[in-house]
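A short write-up of the structure that comes next.
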There are 4 protein chains.
Amino acid sequence: MTSRTGPRRSESARLAVLNAADDILVERGFAGVTIEAIAARAGVAKQTIYRWWKSKVDILLDTLADDALEALEWKTGAATPEEDLRNHLHQVAEFFQEPAGQVLQALLGQAQLDKEAARKFREGFLQEQHERDLAGLGEILRRHVGHEMGEQATAYLVDLLMGPLYYQILVFGRPVEKDLIPITARLVLDVAAQGQAG
Amino acid sequence: MTSRTGPRRSESARLAVLNAADDILVERGFAGVTIEAIAARAGVAKQTIYRWWKSKVDILLDTLADDALEALEWKTGAATPEEDLRNHLHQVAEFFQEPAGQVLQALLGQAQLDKEAARKFREGFLQEQHERDLAGLGEILRRHVGHEMGEQATAYLVDLLMGPLYYQILVFGRPVEKDLIPITARLVLDVAAQGQAG
Amino acid sequence: MTSRTGPRRSESARLAVLNAADDILVERGFAGVTIEAIAARAGVAKQTIYRWWKSKVDILLDTLADDALEALEWKTGAATPEEDLRNHLHQVAEFFQEPAGQVLQALLGQAQLDKEAARKFREGFLQEQHERDLAGLGEILRRHVGHEMGEQATAYLVDLLMGPLYYQILVFGRPVEKDLIPITARLVLDVAAQGQAG
Amino acid sequence: MTSRTGPRRSESARLAVLNAADDILVERGFAGVTIEAIAARAGVAKQTIYRWWKSKVDILLDTLADDALEALEWKTGAATPEEDLRNHLHQVAEFFQEPAGQVLQALLGQAQLDKEAARKFREGFLQEQHERDLAGLGEILRRHVGHEMGEQATAYLVDLLMGPLYYQILVFGRPVEKDLIPITARLVLDVAAQGQAG
DNA sequence: CACTAAACGAGACGGTACGTCTCGTCTTGTG
DNA sequence: CACAAGACGAGACGTACCGTCTCGTTTAGTG
């Protein structure tokens, strides 16, 4: 038999750590998220944290995996493609106001400061999310222009769609001006229809 | 008499600190930029640093003031408005590869993690830069559409222009795909011409 | 029925633990004797050690029981009482050079630092050894002075005999200067003969 | 000029550390003397301790230097040499009941367990104390036998004098049986007079 | 040309968090 | 049910920086 003897990883400790990290980030900010504080709040030994995670970035990445995937999912049931796009942008903008969205924002910040954190974050989350954005926007555009777009063209359209929103959030820290959303949505559909992006 | 006696602030110490901070950021990353490291590298006492700056963010902000303002200036001498926009986007994209651009990127990162740093950064740099972007893009658009755009409309167009570029740099850490630049430039001019943004 | 079912205590595990403890003490010193190190070296689970011993002091006490009792036994076959005493002192001095003697020395050290260890050590080893010293020296003195000494008088003579040797070993860490042994032996016999110790 | 600039070592921090170490040793035993506990009790940063001492053994050695030297000094004013010896043995026996004596006992214990501690302890304290014992006993014997003893002979007599006392304290943990003291004192004078030790 | 007085280098100080180590207990299969 | 394996809560280890605080030394005016 391959399965080894002895105790297994404690699921309750794992959840306590993820919740503690999340709570501390919201309450005291990223600088307050120390391993000591997480351990104390979670009622867990530091060694238990170091056994399963290499850094606080890894812990926060794990909280994203639990929380963010569904919150950033594409939902395409609206009457028109334009409405679908507007809905998705609103959904993303609102996500950044929630605790899980603050985790995402903090990780985006840390990724600018620490190359290793950036690599993990991109490989462990952003890449996957980008693929889901490609698929989600691709399906909407197929409905709009009547045929499949090229992958590279869709990628540019994702940048045009998401870029202004992230720019406002990351650079100006604003909760996103609502009027920007219909402009961006309209524009992406126009560009797709005119075939400029290919 | 108002002028007091004794030595004045040492300009050589000031420059040594700014250079040391810059060098350490490039060599060892933001986490390596500690006051102790700056003091050691600059051959300066920690107290001298604390006398003139409140934090390492303030130091890095000072280095930006020296380096970034001209690098992010709008130059409008090209043959067409479209070329002007493309040139500016290339200039910004290239700036992020330089040491001073890495300082900007690090401060953008830190701004996601620390509200006080964010406030200082926005009040001390980003706001001013945004005004220059409004003015720069505004002038180009006036040449393109033949009349003055509204301030809010111009602001949206700045978001549409800069957003995709920042999105690629901050979210994906890419050196910016060059094809995105002409697409973005073209699109902003079209939107301006169609008056969608107002 | 008194005899219970299931496996009994593993004798091989017991011996592996005692040998491992002994080896580690000699190789890495008392501080290196950790339960983890013993378990690893003995190929035994920590729980197995804690099941049968309360502390590393108890383990070392067990190794003494196997090794030290015969090494500190009194042998009285020499030509004269004086020679018997000299032989015994040499035997004790040499014992402290051997692995088992290092265990004894370590436990004597630990007894100065930890009252509980001291209690166990004295009740579990030193008391018994002292009784054997009383008996051993008592018999030699009976041969020397021609009659039985009082118990208290013999006890003082044990102190006079062993004290200087232990003083050199424990206080100065010396391998005992050989000339001290005949002096001490001679002196104890003289004191006994003069009846000073009573 | 040789004297350097900047702040000097804080004497109050030094004393707080030594007192804290002493107090904790008495209250909680040697195992309770951790750097963390000393720092907490002394109201001092751990780094301050590590800056000036390499280990808790070094700290305890420093407390001895302040406390033990005078307590183990030879005082020779009594009516007879025998009384001088008895007084000194009583003084030493009582010293081991005091806090500083417990420090000495703990260091003697640690010296059995840790060769580096033993080396420091012997070079930093025991050697010096032994020289003072040689001088102190030497002077008394000169008065007793009427001429100077050889150094080696005096050394053996120190072993004979102090050995039984240390044997009782270190091996049996007893507060020393008082009757042993006059016996030992008498015996050393006799041996010296008979010239056995040479 | 002393005499202030502030800025400087050096670095000790009380703290906090780091990541590692070992403790003694508890949990999980295996023989 | 004893055993090997090893995860767990606990807490000390020694290190790195934090921001504050003395120290002399140096440097610019002022009287």
Side-chain angles (χ1 to χ4, degrees), chain A residues 1 3-10 12-14 16 31-40 42-52 54-56, chain B residues 1 3-10 12-13 31-40 42-52 54-56, chain C residues 4-10 12-13 31-32 34-37 39-40 42-52 54-56, chain D residues 1 3-10 12-14 16 31-40 42-52 54-56:
Chain A
M1 272 309 302
S3 131
R4 63 158 202 72
T5 187
R8 297 297 179 278
R9 175 170 187 180
S10 159
S12 67
R14 188 185 145 266
V33 182
T34 67
I35 301 291
E36 304 241 316
I38 296 172
V44 140
K46 284 199 304 176
Q47 185 56 49
T48 297
I49 298 180
Y50 285 110
R51 187 160 20 238
W52 302 111
K54 288 207 162 177
S55 66
K56 65 180 183 177
Chain B
M1 272 306 304
S3 141
R4 57 158 199 72
T5 185
R8 298 298 179 276
R9 175 169 187 181
S10 159
S12 68
V33 182
T34 66
I35 301 290
E36 305 243 317
I38 295 172
V44 141
K46 286 197 314 177
Q47 185 56 47
T48 299
I49 297 180
Y50 285 110
R51 199 176 353 253
W52 302 111
K54 286 206 163 179
S55 67
K56 66 179 183 177
Chain C
R4 54 162 198 69
T5 185
R8 297 300 178 281
R9 174 170 187 180
S10 158
S12 68
T34 66
I35 301 290
E36 307 241 314
V44 141
K46 286 195 319 177
Q47 184 56 46
T48 299
I49 298 180
Y50 283 110
R51 191 162 13 239
W52 303 110
K54 286 206 162 179
S55 67
K56 65 180 183 177
Chain D
M1 273 309 299
S3 129
R4 59 157 208 73
T5 187
R8 296 301 179 278
R9 176 171 185 179
S10 159
S12 68
R14 187 186 145 265
V33 181
T34 66
I35 301 290
E36 302 243 316
I38 295 172
V44 141
K46 284 199 302 177
Q47 186 55 51
T48 298
I49 297 180
Y50 285 110
R51 191 165 12 241
W52 301 111
K54 287 207 162 176
S55 66
K56 64 180 182 176

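Numbers restart at 1 for each chain; the letters A, B, ... are given by sequence-line order, proteins then strands.
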Practice item. Please determine if D/Arg14 forms a cation-pi arrangement with D/Trp52, meaning its NZ or CZ atom is less than 6.0 Å from the six-membered ring centre and no more than 45° off the ring axis. Key: no

Practice item. Please tell me which of A/Thr48 and C/Gly43 maps to the more 5' nucleotide of DNA chain F, matching each residue to the nucleotide holding its nearest heavy atom. Key: C/Gly43

Revision key, fill the gap. Applying side-chain contact (heavy atoms from CB on, under 4.5 Å) to A/Thr5 and not counting sequence neighbours gives none

Point to revise | Phosphate OP1/OP2 of F/dC8 contacted by A/Arg51 side-chain N/O (<4.0 Å) | key: yes

Practice item. Report yes if a donor N or O on one partner sits less than 3.5 Å from an acceptor N or O on the other, where the partners are the side chain of B/Ser10 and the base of E/dC8; otherwise report no. Key: no

Review point. Are A/Trp52 and F/dC8 close enough that a side-chain N or O sits under 4.0 Å from OP1 or OP2?
Key: yes

Check your understanding: Reading nucleotides 21-26 of chain E from the 5' end, what letters show protein touch, with B for base, S for backbone sugar-phosphate only, - for no heavy atom under 4.0 Å?
Key -> BSBBBB

**Study point:** Base E/dT28 to side chain A/Thr5, donor-acceptor N/O within 3.5 Å cut-off
**Key:** yes

Review point. What is the distance, rounded to the nearest whole Å, between atom CD1 of A/Ile49 and atom P of E/dT20?
Key: 13 Å

Check your understanding: Does the side chain of A/Arg8 get closer than 4.0 angstrom to OP1 or OP2 of E/dG29 through an N or O atom?
Key -> yes

Point to revise | Contacts of D/Ala42 that satisfy side-chain contact (heavy atoms from CB on, under 4.5 Å) - sequence neighbours left out | key: D/Ala16, D/Val17, D/Ala20, D/Val44

Check your understanding: Within this structure, what is the CD1-to-P distance between A/Ile38 and E/dA17, rounded to whole angstrom?
Key -> 12 Å

**Study point:** Partner residues of B/Glu36 under the side chain to side chain donor-acceptor pair (under 3.5 Å) criterion, sequence neighbours left out
**Key:** B/Lys46

Review point. Taking only residues two or more places apart in sequence, or in another chain, which ones meet B/Ala45 in a side-chain contact (heavy atoms from CB on, under 4.5 Å)?
Key: B/Thr48

Practice item. Would you please name every residue forming a side-chain contact (heavy atoms from CB on, under 4.5 Å) with A/Lys56, sequence neighbours left out? Key: A/Phe30, A/Val33, A/Ile35

**Study point:** Under 4.0 angstrom between A/Arg4 side-chain N/O and F/dA7 OP1 or OP2
**Key:** yes

